[in-house]
Amino acid sequence: MPRAAVTIDEQDLERALLRKSVAGLAGGRSDCADCGRAPLVGETLHRYETGATVCELCRPLRRGEPVASERVRHSEYGNAVRVRRV
Ligand SMILES: [Zn+2]
């Protein structure tokens, strides 16, 4: 007895691909521990001894100094082709 062919709806496939790509973008990102906001490119993130990462807007709400601060880079940072002058 032949089995019925499984058909994939085009819109379901588009949704699945979109969800997969959005999840991939958020994979390496660290959100603010206080407000949960995703940091913007160029914004500075502050790391505290507790391991919490806090955005610039939430930093004044915390006591103490962060142990490290780093700027949020574009996802392609370091992968761009650069002209080297010798
Ligand atoms: Zn925040």
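Remember, it's a predicted structure, so these values are computed and weren't measured experimentally. We use all heavy atoms of the structure for the numbers below, so side chains are in, but hydrogens, waters and symmetry mates are not. Order of appearance sets the numbers: ligands from 1, and atoms from 1 within every ligand. Along the sequence shown, the residues carry numbers beginning at 1.
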query: Side chains of Val72 and Leu45: closer than 4.5 Å at any heavy-atom pair?
result: yes
salt_bridge(Glu65, Arg59) N-O dist < 4.0 Å: yes
query: Under 4.0 Å between a Lys/Arg side-chain N and an Asp/Glu carboxylate O for Arg71 and Glu56?
result: no
- prompt: Can you list the protein N, O or S atoms less than 2.8 Å from the Zn ion (ligand 1)?
  reply: Cys32 SG, Cys35 SG, Cys55 SG, Cys58 SG
query: Under the 4.5 Å side-chain heavy-atom rule for ILVMFWY, direct or indirect, which residues accompany Leu61?
result: none
- request: Would you please name every residue forming a side-chain hydrogen bond (donor to acceptor under 3.5 Å, both in side chains) with Asp9, sequence neighbours left out?
  value: none
message: Once side-chain hydrogen bond (donor to acceptor under 3.5 Å, both in side chains) is applied, do any residues pair with Arg47, and if so which ones, sequence neighbours excluded?
response: Thr53, Glu70
